[in-house]
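Read the structure below first, then the notes.
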Amino acid sequence: MEQKYSPKPIENKWQKYWDDSRIFEVSEDTAREKYYLLEMFPYPSGRIHMGHVRNYTIGDVVARFMRMRGYNVLHPMGWDAFGMPAENAAIKAGTHPAKWTYENIAYMRNQLRQLGFSYDWSREIATCDPSYYRWEQLFFLKMYESGLAYRKSSYVNWCAKCQTVLANEQVENGVCWRCDTPVIQKEMEQWFFRITHYVDELLENTMKMEGWPERVLVMQQNWIGKSTGSKLLFPLESGEGSIQVFTTRADTLFGATFLSLAAEHPKVLELCRGKAQEADVLDFIQRAKQSKRNEREAGMLEKEGVFTGSYCINPMTGRKMPIFVANFVLMAYGTGAVMAVPAHDQRDFEFAKKYDLPIQVVIKPSGQEQAARAEELTRAEEEYGVLVDSGEFTGMESEAARIAITEFLAKKELAELTVQHRLRDWGISRQRYWGTPIPMVYCEKCGVVPVAEKDLPVVLPLDVELLANGGSPLPVHKPFYLATCPKCGGEARRETDTMDTFVESSWYFARYSCPDFDKGPLDKERVEYWMPADQYIGGIEHAVLHLLYSRFFVKVLRDLGYLKVDEPFKNLLTQGMVIKDGFKMSKSKGNVVDPDIMIKTYGADTVRLFCLFAAPPEKDLDWSDQGVEGSFRFLSRLWRLVCENIDKMKSVSPVGEAENLSTELSGLRRKTHQTIKKVTEDIRERFHFNTAIASVMELVNQVYQVLESSRNDPLLWPVAREAVEAVIVLSSPMVPHICEELWQTLGHDRLLIDTPWPQWDERALKAEEILIIVQVNGKLRSRISVPADATDKDIEKISFADPRITEFIGDKKVRKVVVVPKKLINIVI
RNA sequence: GCCUGGGUGGUGGAAUAGGUAGACACAAGGGACUUAAAAUCCCUUGGGGCUUGCCCCCGUGCGGGUUCGAUUCCCGCCCCAGGCACCA
C-alpha cells in the first residue's frame, strides 16, 4: 500500500471499475422501495462549473446514502441541450450548433465521470435528440387538440439582440435575462400554453407542498399573484357601449372621478376619434409604445396621461367621468382599464393632482374620528375603513361594502365578483433555430393545420447556414419550410418558430424513467414506478421559471393520460451559490475556479469534501483555496491512519460486543457509535453534510489519541478497527474513491456501495458516568461526574456536596432547584 | 413599499426540542522533529481582569420582555441578502 495519499490512481481505478461493472444501472423492482434522486440537468455550455460540482456532489451523497440504506435508487443525468448559446458560439466559431453541443456534452460527461458520480448513464438524455423532442411535439399536438396550446396575436417581450420573444419570466427588471438588452413590446402572432387553466391548482398545491422550501413556494405564490375583486362596467356618456375595469376596491366606487386606460386599450382610438384631442392621443400612444419596459418601473416614470375627449358615467353617482389614457396602466393586467379614485389610491392621487381632477373622499380610515377633507390630503388614504358620502352604503365597512356594491350593480348586469391573476399564459414561440420545431403548418386554403402524428418528428434540419445577424435560418431554409398541407395536400408553409427550451426541461424527469421507450413518450408501468422524483436538487434561480413550468406540464401530462402524479417533485432542495471573494463566480469578475484544475491538483474526493464541508447546502458556499488544502489534509490523515497500521488492523476483527474495555477504549467505542448515529441523522434528516463530516473528523482525532494512550492494551486493535471501519463507511457517500480503496485494503471483497449502512448500538452509546453541569442562578459554576443511572435526587445531593457550589451558596437560602435529567442542575438562591 | 431568509471569534461555520456559546475546520502565533526546508506532530488562540484559579466579569446586530435559565420564544428597532413591485 502506498504510504502517501495520491488520489489520481485510486480515482481512476474505481471510476473504471464502476463503469465496467455498470454498478449504478438500475431497473424497476416492485419488491423494493424506490428512491428517485434528481439533480437539475446542465446546459452543455462547454465545461462544468463549481456550481454544478456542488449541486451534483450533494445529490451523489444522497443517492449513495439511500442506496446503502437499501433503496432502489434512480440517479440519472442528461443534457438540456437546446438553446441560444449554441447558436451564438457556432456563429462565432464557424461551427454548427449540433457539433458544438455534442462536443461539449462529451467533454462534460467526462468531467462528471471524473468526479465519481453514481449516475445510471444508460438513461442519459440529450433534449436535442429527435428521439426526445419527437414526444414533445406529440404533446404539443395533444395540447392543441385540447385547447391547451393556442395561437394569438399579442404584445410580447422582444429582445432585439437575441432576435426573439421572451416569456415574462425571462424578463428581469425590464431587460433580457440573457444579454441585458432592454426589452421592448412588439405585437406578434405567437403560440401559447394555457398555464392559466391550472392557476388554481398551481396555487392551491403550494399550500400543501411540505417538502419544498417555504421561500420557493412564496415566490411562486407571488408570481401567480391571485387577487380578488370586481369587474365593473362604466357606461359611456355617448350611450354607446361601456368600459370594463377590474378593481379590488369596489367600496370606493363613489369616489371614482375619472377613468384611466392603457395606451394599447382597444377602445382608445374610437374614444378620441373626431375629437379635438385626437392628435395628442395618437402622439401619446406612439410614445408609450416606444417606451422601454424598464422605464415603466416604479418611480422611474412620472405619471403622464392625456384626455381622450370622451366621458363615461359613474354607475353609482351618475357623475360624468373623463376618460384618460395613462402611461401607468398596463394592458396585460385586468382589463387594461382602471377606475381612478384619487382620494384612496396613490397613483390616481398623483395623476389627479397633476391634471387638476376632482378628488372625492369616500372612506374614513378605521380609528380616525373624521373623514379627511379632499383639499387637505397630501397623499391617498389607501387603508380600509368605513364608507362616507356613499349613498345607502354610507357607514358600511370596506370589506362588506366591496361585495355589497358589486352585488347591487350585478343586478343591473353592470358588475361581477371576480378573481384576477398576475400569471399569464406561457408564450413558447421562439424565433430561434436551435430548438424543437413546433409541429404546425400554415395552408393558404385550410389555415393553421397540425402536422399528422404519423409524420412526427418534424426533424430540425442540420444542413443550414447560420445567419451572421443571429436570426433563425429556418424561415429561409426551403427544404424545411416547404410543406404539404396535412388536410388538403396542397402546398403549405411550415411553422419556423421553435419552442422555448423550458419546454424540454418541463418533462425530462419523467422521461428518465424510460428513455429508450419508442412506442410513446412514457412507458406507463415504468413511469408509475419512478415518478414523482423523491428529491430534486438545484439552484434557487429556478424557483419560478423551471419549477413552475414543470409543475404545469405534469398537470397537463396527467390530464392527457400519460402520468398519474399531480406534482413532479416531492422534496426540493435549493442549494446556495458558490461565492469567491464576496462575489458569485463569473468570468466577468475573474474569480472562477476551474474544477478540472482542482481535480488534477487534489483529486475528486477533496473537491467533493470541500463542497460539502464548507457550508450547509442551502447556504452560499465561500470558496477558499486554503479550505481545499484542509480537506486534502484530512483525507491524507485518514489515509495514513489506515496505511500506518494496516498490519495490526488486518490481523484482528472489529470488536463486536465488548466487555471489560478500559475507559479509553470504551470511550472510543462510544464515540464510534455516537458518530454513526450523528452522521446517519445529519444526512437523513437535514442534509447537513458539514456537521456529519465534522463528527467524522472528531472520531478520527480520537482514534489517533487512543492509538497513543492505549498503545499496550491488547484490545486496542479490535476497537480501533471498528472505529476506522465506521469512518470509512460513513464517509463513503461523500468521498467514495478513497473509502472504496481503504475498504479493500482492509480485506473486504464486497464493494462499499453494496455494503449496508451501519446501525449504531444503543448499548454502546451508554456511558457509565455522565457529566452534569451545575449552575447557580443560571450561571455555570461546576461540572460533576455522576453514575449514568443517578436520579435527580442523587444529582442534587452530589451537587450540594461540591465545595465550589457550597462556597457560592454560602449562607444564602436556596429558593429553588431545577434538574434537567442527565444534563444539568440549576440552583437558585 | 410588500413578502421571505439572515446577522454568532480574524475567517467558513457548530449549538437538531429553551439547558456547558464558539464543535469541526481555516488563518495566525509558539514549540518538537530536520543540517535546512517541505510534510507531520504538540500547544495557544472571543474580549477584559487580577488574586494565574481547570478563577471572576463581559459577550451571539440594538433596546425591552417571558423564564430558574434565551443564540433559540415574544414585542419594538437597525442592518444585510434574495424575491415581487405603477398588478388597479
Side-chain angles (χ1 to χ4, degrees), chain A residues 4 172-173 213-223 225-227 229-230 245-249 252 260 262 296-303 326-330 332-341 345-348 350-351 382 420-424 540-541 543-544 576-577 579 610 613-616 618-631 633-634 636-637 640 678 681-682 685-686 688 690-698 700-701 704 708 771-783 804 815-821 823-829:
Chain A
K4 197 166 162 275
E172 293 171 349
N173 295 319
E214 184 62 24
R215 60 179 182 147
V216 173
L217 296 174
V218 168
M219 278 191 230
Q220 294 208 351
Q221 286 155 12
N222 287 343
W223 191 265
K226 181 175 175 173
S227 154
S230 320
V245 305
F246 171 75
T247 180
T248 55
R249 295 297 302 272
T252 64
S260 306
R296 278 197 170 188
E297 262 179 83
M300 282 192 61
L301 209 58
E302 206 193 327
K303 302 209 173 8
N327 64 348
F328 64 89
V329 182
L330 309 171
Y333 186 76
T335 63
V338 293
M339 69 175 201
V341 186
D345 183 288
Q346 185 58 23
R347 295 158 303 185
D348 298 340
E350 286 168 33
F351 197 82
E382 297 188 321
Q420 275 292 322
H421 295 97
R422 215 185 75 103
L423 181 73
R424 279 171 261 155
I540 184 77
E541 65 272 20
V544 179
M577 291 184 301
I579 302 283
F610 176 74
F613 182 59
E618 64 276 12
K619 280 185 83 163
D620 285 349
L621 180 144
D622 239 324
W623 190 268
S624 146
D625 293 333
Q626 281 147 343
V628 179
E629 290 274 357
S631 293
R633 233 164 11 230
F634 172 72
S636 305
R637 196 165 142 82
R640 274 198 313 275
K678 170 113 180 107
E681 289 174 350
D682 276 351
E685 268 132 53
R686 314 193 296 163
H688 276 207
N690 57 333
T691 50
I693 292 165
S695 67
V696 171
M697 287 173 168
E698 282 182 56
V700 169
N701 291 345
Y704 269 107
E708 199 52 39
L771 184 73
I772 301 289
I773 299 304
V774 187
Q775 296 182 334
V776 177
N777 285 344
K779 280 184 181 161
L780 174 80
R781 293 305 180 192
S782 184
R783 297 175 176 86
R804 287 190 32 77
R815 292 194 302 177
K816 194 172 178 180
V817 176
V818 182
V819 181
V820 181
K823 253 191 183 153
L824 173 144
I825 172 167
N826 188 12
I827 300 160
V828 187
I829 54 174

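Throughout, a chain's letter reflects where its sequence line sits, starting with A, and its residues are numbered from 1.
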With a cut-off of less than 4.0 Å, is there a side-chain N or O of A:Asn327 near OP1 or OP2 of B:rC86? no
A:Arg804 side chain N/O closer than 4.0 Å to the phosphate oxygens (OP1, OP2) of B:rG53? no
When you get a sec, tell me which of B:rA15, B:rC86, B:rU20 is the closest nucleotide to the side chain of A:Arg686? B:rA15
Does A:Asp682 reach a base, just sugar-phosphate, or nothing at all? Heavy atoms under 4.0 Å. base
Is the phosphate of B:rA23, meaning OP1 or OP2, less than 4.0 Å from a side-chain N or O of A:Ser695? no
Pair A:Asn701, A:Arg637: side-chain N/O donor-acceptor within cut-off below 3.5 Å: yes
Looking only at atom C1', what distance separates B:rA25 and B:rA32, rounded to whole Å? 23 Å
Does a side-chain N or O of A:Arg640 approach OP1 or OP2 of B:rA39 to a distance below 4.0 Å, or not? no
Pick the nucleotide of RNA chain B nearest each of A:Val338 and A:Arg215; which residue has the one closer to the 5' end? A:Arg215
With A:Lys303 as the cation and A:Phe328 as the aromatic partner, state whether NZ or CZ is under 6.0 Å from the six-membered ring centre and within 45° of the axis. yes
Using the P atoms only, state how far B:rA36 lies from B:rG46, rounded to an integer number of Å. 32 Å
For a quick test of reading the model: is some side-chain N or O of A:Arg633 closer than 4.0 Å to OP1 or OP2 of B:rA27? yes
Can you tell me how far C1' in B:rA70 sits from the matching atom in B:rC84, rounded to whole Å? 34 Å
Between B:rC68 and A:Asn826, counting only base atoms on the nucleotide and side-chain atoms on the residue, is there a donor-acceptor pair under 3.5 Å? yes
Counting just side-chain N and O atoms, does A:Lys816 come under 4.0 Å of either OP1 or OP2 of B:rC68? yes
Any A:Asn222 side-chain nitrogen or oxygen under 4.0 Å from OP1 or OP2 of B:rC87: no
At 4.0 Å (heavy atoms only), tell me whether A:Phe613 reaches a base, stays on the sugar-phosphate, or touches nothing. base
Select base, sugar-phosphate, or nothing to describe what A:Gly630 touches, counting heavy atoms under 4.0 Å on all strands. sugar-phosphate
Between A:Arg422 and B:rA85, is there a side-chain N or O to OP1/OP2 distance below 4.0 Å? yes
Please determine if a side-chain N or O atom of A:Arg347 lies less than 4.0 Å away from the OP1 or OP2 oxygen of B:rC87. yes
For RNA chain B, whose closest nucleotide is more 5', that of A:Glu629 or that of A:Ala615? A:Ala615
Is the distance from OP1 or OP2 of B:rC41 to the nearest side-chain N or O of A:Arg637 less than 4.0 Å? yes
Which part of the nucleic acid, if any, lies within reach of A:Gln775 when heavy atoms closer than 4.0 Å are counted: base, sugar-phosphate only, or nothing? base
Within less than 4.0 Å of OP1 or OP2 of B:rA70, is there a side-chain N or O belonging to A:Lys779? no
Using a heavy-atom cut-off of under 4.0 Å over every strand shown, decide if A:Pro616 touches base, sugar-phosphate, or nothing. sugar-phosphate
